[in-house]
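Below: the structure, in structure tokens.
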Amino acid sequence: MEDTKSKKQGVFQFIKFMFFSASAGIIQLIAFTLLNEIVIKLDFIQNAMNSNEAFARIMKNEYGPIYLTALLLSVLWNFTFNRKFTFKSAANIPIAMLKVLGFYAVFTPVSTIVGNYFTSKYADVEAIYYIVLACTMITNFVTEFLYDKFVVFRNQENTAVKKEK
């Protein structure tokens with residue numbers, strides 16, 4: 001009986017994570033689209049991207065800075081809501097954020113480099129930025145759920161105490 005209850009809670013937790021991640025994905029897609037279709041076309045943005053050589057190593061084309069900005073916005077949103085509502089964690093927030101930063105310290109450069117590779121290689125495909133973004137978002141969703149569950153909030157789930165009125 002306890003095992004069945006635990007499985008149901010795990011499924012419900014995954015569904016909540018999926019919905020908060022979907023909302024973060026919407027934020028990421030909107031930010032990405034606005035940056036890709038409007039902001040990145042401005043001359044002063046192009047000049048700023050071309051002037052920093054260290055940053056240019058990762059940012060071989062426009063995809064990188066657009067993706068990183070949109071990703072940052074979605075990560076902040078996703079972390080905030082999943083900590084509070086999905087994992088119901090009272091874990092030390094700065095430590096939990098550092099753990100998430102550790103995940104993104106690996107995920108972000110890898111996904112940016114891979115994204116740059118595919119957007120450059122298939123530049124003739126009109127929707128390549130969005131195809132790469134969708135693949136990256138799906139990968140991020142699955143790997144981040146596992147990382148949050150088994151690393152960030154391990155032994156810290158359901159520790160938040162509801163305030164009594």
Side-chain angles (χ1 to χ4, degrees), residues 10-42 44-46 48-49 52 55-56 58-120 122-123 125-154 156-158 160:
V11 169
F12 185 61
Q13 184 182 57
F14 181 78
I15 290 169
K16 282 195 288 188
F17 186 87
M18 182 176 64
F19 281 115
F20 286 122
S21 294
S23 68
I26 290 167
I27 288 169
Q28 185 174 357
L29 183 60
I30 289 170
F32 185 90
T33 301
L34 286 173
L35 290 169
N36 187 44
E37 301 298 331
I38 299 167
V39 176
I40 204 68
K41 307 292 189 238
L42 302 174
F44 75 93
I45 299 289
Q46 285 291 329
M49 284 181 4
N52 187 336
F55 194 64
I58 293 176
M59 307 302 153
K60 291 184 180 176
N61 60 24
E62 295 171 345
Y63 177 82
I66 296 169
Y67 167 69
L68 287 176
T69 304
L71 179 66
L72 177 64
L73 293 172
S74 78
V75 167
L76 291 172
W77 175 273
N78 205 26
F79 173 81
T80 302
F81 284 95
N82 277 313
R83 182 192 66 79
K84 184 171 178 88
F85 299 110
T86 303
F87 297 105
K88 299 176 184 169
S89 176
N92 185 316
I93 294 172
I95 291 175
M97 288 182 96
L98 283 173
K99 289 178 182 178
V100 170
L101 179 66
F103 172 81
Y104 282 101
V106 175
F107 181 83
T108 303
V110 170
S111 62
T112 304
I113 291 166
V114 169
N116 282 335
Y117 171 77
F118 283 107
T119 56
S120 294
Y122 298 103
V125 176
E126 188 173 324
I128 191 63
Y129 278 27
Y130 296 99
I131 294 167
V132 170
L133 179 65
C135 293
T136 304
M137 289 171 73
I138 292 166
T139 304
N140 187 9
F141 166 70
V142 173
T143 56
E144 187 179 2
F145 176 77
L146 295 172
Y147 186 82
D148 283 356
K149 176 113 178 118
F150 297 112
V151 177
V152 177
F153 300 113
R154 185 178 187 176
Q156 298 290 325
E157 293 181 47
N158 300 314

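Note that CG of Asn78 is 7.5 Å distant from CG of Asp148, once rounded to the nearest 0.5 Å. Separation of atoms OH (Tyr67) and OG1 (Thr119) is listed at 12.0 Å; rounding is to 0.5 Å. Taken to the nearest 0.5 Å, the CG atom of Leu133 stands 10.0 Å off from the OG atom of Ser111. Atom CZ of Phe107 is separated from atom CD of Glu144 by 8.5 Å, given to the nearest 0.5 angstrom. Rounded to the nearest 0.5 angstrom, Asn36 CG and Leu29 CG are separated by 10.5 Å.
Gln156 has its side chain out of reach of Phe87: every pair of non-hydrogen atoms, C-beta onward, lies at least 4.5 Å apart. In this structure, the side chains of Leu98 and Leu101 come closer than 4.5 Å at one or more pairs of heavy atoms.
Residue pairs meeting the side-chain hydrogen bond (donor to acceptor under 3.5 Å, both in side chains) criterion with at least one member in residues 84-93, sequence neighbours excluded, are Asn82-Thr86. Residue pairs meeting the side-chain hydrogen bond (donor to acceptor under 3.5 Å, both in side chains) criterion with at least one partner in residues 24-34, sequence neighbours excluded, are Gln28-Ser74.
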Requested in this report: With side-chain contact (heavy atoms from CB on, under 4.5 Å) as the test, would you mind laying out the steps for Tyr122 and Ile131 before giving the verdict?
Outcome: CA-CA 11 Å; Tyr122 298 103; Ile131 294 167; over 6 Å; no

Query raised in the report: Stepwise, does the side-chain contact (heavy atoms from CB on, under 4.5 Å) test hold for Phe103 with Thr143?
Result: CA-CA 9 Å; Phe103 172 81; Thr143 56; 3.3 Å; yes

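Within 6.0 Å of atom OH in Tyr130, more than 12 heavy atoms from other residues, nucleotides or ligands are found, so the atom counts as buried in its surroundings.
Listed by chain and number, the residues in a side-chain contact (heavy atoms from CB on, under 4.5 Å) with Val151 are Tyr147 (sequence neighbours excluded). By the side-chain contact (heavy atoms from CB on, under 4.5 Å) test, Phe79 is found to be paired with Arg83, Ile93, Ala96, Met97, Val100, Phe153, residues two or more places apart in sequence or in another chain being considered. Evaluation of the side-chain contact (heavy atoms from CB on, under 4.5 Å) rule for Phe19 yields Ile15 as partners, not counting sequence neighbours. Not counting sequence neighbours, the partners of Thr108 by the side-chain contact (heavy atoms from CB on, under 4.5 Å) test are Leu68, Leu71, Tyr104, Thr112.
Proximity of a side-chain donor or acceptor of Ser23 to a complementary backbone N or O of Phe20 within less than 3.5 Å is detected.
For Phe141 and Phe17, the gap between ring centers is short of 6.0 Å.
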